[in-house]
Amino acid sequence: MPETTIETTSQTSADATTRQKAATRSSAFVRPVRTVAILGAVGALVAAIALPAFVSTSGAADAAPVTTEQLAAGNAQSIVVASEATQAPSTRGQFTATTPDEIEKRKAEEAAAARAAAAAAAAAASTASTSSSRPSLAGMALVAPGSGAVRYPVTSFTPGEGPGSGRGHEGWDMIAPEGTPIYAAAAGTVTASAESIGGYGVSMMIMSNLNGTMVETRYGHMVYGSRMVEAGDQVSAGQLIGLVGNTGNSYGSHLHFEVRIGGSVIDPEPWLAANAG
């Protein structure tokens, strides 16, 4: 009996020691877990407070890209840049260019074309006005062309101003060097010959009968002292009558040649072409 009592007491003491060690280990384990839990709770609280603010500020950056069409629909004054923008050609009048240099070049070309067209129109109007002021040349062929009845008064010349210029010019200027021979355009009678006849300067006039039509020819601006015939003399077609000069109302060496039929001024150029050939 006494031995049994001693073993029981020793067993009880051992159990108490074991429970005390277990409790100590449990307490040591609970404290870190509690700390972790507290930290986790604090982190959750911070996240709950900060996350909405973060979402509100970063939402615009995370939003889906806006297309060009959506921008245009939302704001008519929006400017689209970078690769979405394309440069449209600039249109000016009737041409299209894409750079300032090309635009200026095309504008200059169109301006030059407009000036040329205006000049052509003005020339055409001037020609029409001159033609309308000249008498009709219908039926002016009085002799057979090339027959010799009518000759060119100067054989080598440069055509100058004709009649109908609007300044009282009634002849055809046949430009030639001073001293160039002048010939009678047709056979006839010298009606005037002088060193000065008004604006003609040294000049003469011849009346001819060409197949029943009286034709007067006038020769002006001859060289002083070059007249070969006097009033009343008879001359033949192609006869030398004087030399080209620059006398009277003249602004350069030339023969002022006039043709009159029935007192009316005739354009000498087509008249000579029709009769002298």
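A chain of hydrophobic side-chain contacts below 4.5 Å, direct or via other Ile, Leu, Val, Met, Phe, Trp or Tyr residues, connects V143 to Y152. Put simply, Y219 and V235 are part of the same group of oily side chains (I, L, V, M, F, W, Y) that touch within less than 4.5 Å, one to the next. Neither V223 nor V202 shares a network with the other; the hydrophobic side chains, linked directly or stepwise wherever heavy atoms of I, L, V, M, F, W or Y lie under 4.5 Å apart, form separate groups for each.
Side chains of E216 and V259 form no contact here, defined as non-hydrogen atoms less than 4.5 Å apart. No side-chain heavy atom of S193 sits under 4.5 Å from any side-chain heavy atom of S203. Looking only at side-chain heavy atoms (C-beta outward), M228 and L240 come within less than 4.5 Å of each other. Looking at V244 and H221, their side chains never come closer than 4.5 Å, going by heavy atoms from C-beta outward. The closest side-chain heavy-atom distance from E195 to M222 is not below 4.5 Å.
By the side-chain hydrogen bond (donor to acceptor under 3.5 Å, both in side chains) test, Y200 pairs with R218, E258, sequence neighbours left out. Every ring pair (Phe, Tyr, Trp, His ring centres under 6.0 Å) that F157 has, sequence neighbours left out, goes to W172.
In this structure, S156 and A176 approach most closely via the heavy-atom pair O-CB, 3.7 Å. Closest of all the heavy-atom pairs between A237 and A185 is CB-O, 4.3 Å.
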Stepwise side-chain contact (heavy atoms from CB on, under 4.5 Å) check, V229 with Q239: CA-CA 10 Å; V229 294; Q239 180 178 333; 3.9 Å; yes
Evaluate the side-chain contact (heavy atoms from CB on, under 4.5 Å) criterion for residues M174 and H254: first the C-alpha distance (whole Å), next the side-chain angles of each, then the deciding distance (0.1 Å), finally the verdict. CA-CA 6 Å; M174 307 175 80; H254 69 283; 6.0 Å; no
Please step through side chain to side chain donor-acceptor pair (under 3.5 Å) for the pair Y224 and S226, ending with a clear verdict. CA-CA 6 Å; Y224 287 112; S226 68; over 6 Å; no
Would you please test L272 and F257 for side-chain contact (heavy atoms from CB on, under 4.5 Å) and show each step? CA-CA 11 Å; L272 285 171; F257 180 64; 3.9 Å; yes
Check against side-chain contact (heavy atoms from CB on, under 4.5 Å), Y251 and N246: CA-CA 7 Å; Y251 301 93; N246 187 27; 5.7 Å; no
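With L255 as the partner, the side chain to side chain contact (heavy atoms under 4.5 Å, CB included) test is satisfied by one option alone out of V154, T180, L243, I175: V154.
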Name every donor-acceptor pair, under 3.5 Å, that has one atom in a side chain of residues 207-214 and the other anywhere in the protein, sequence neighbours excluded.
{"from": "S208", "atom 1": "OG", "to": "A187", "atom 2": "O", "distance (Å)": "2.7"}
{"from": "N209", "atom 1": "OD1", "to": "G212", "atom 2": "N", "distance (Å)": "2.8"}
{"from": "N211", "atom 1": "ND2", "to": "L142", "atom 2": "O", "distance (Å)": "2.4"}

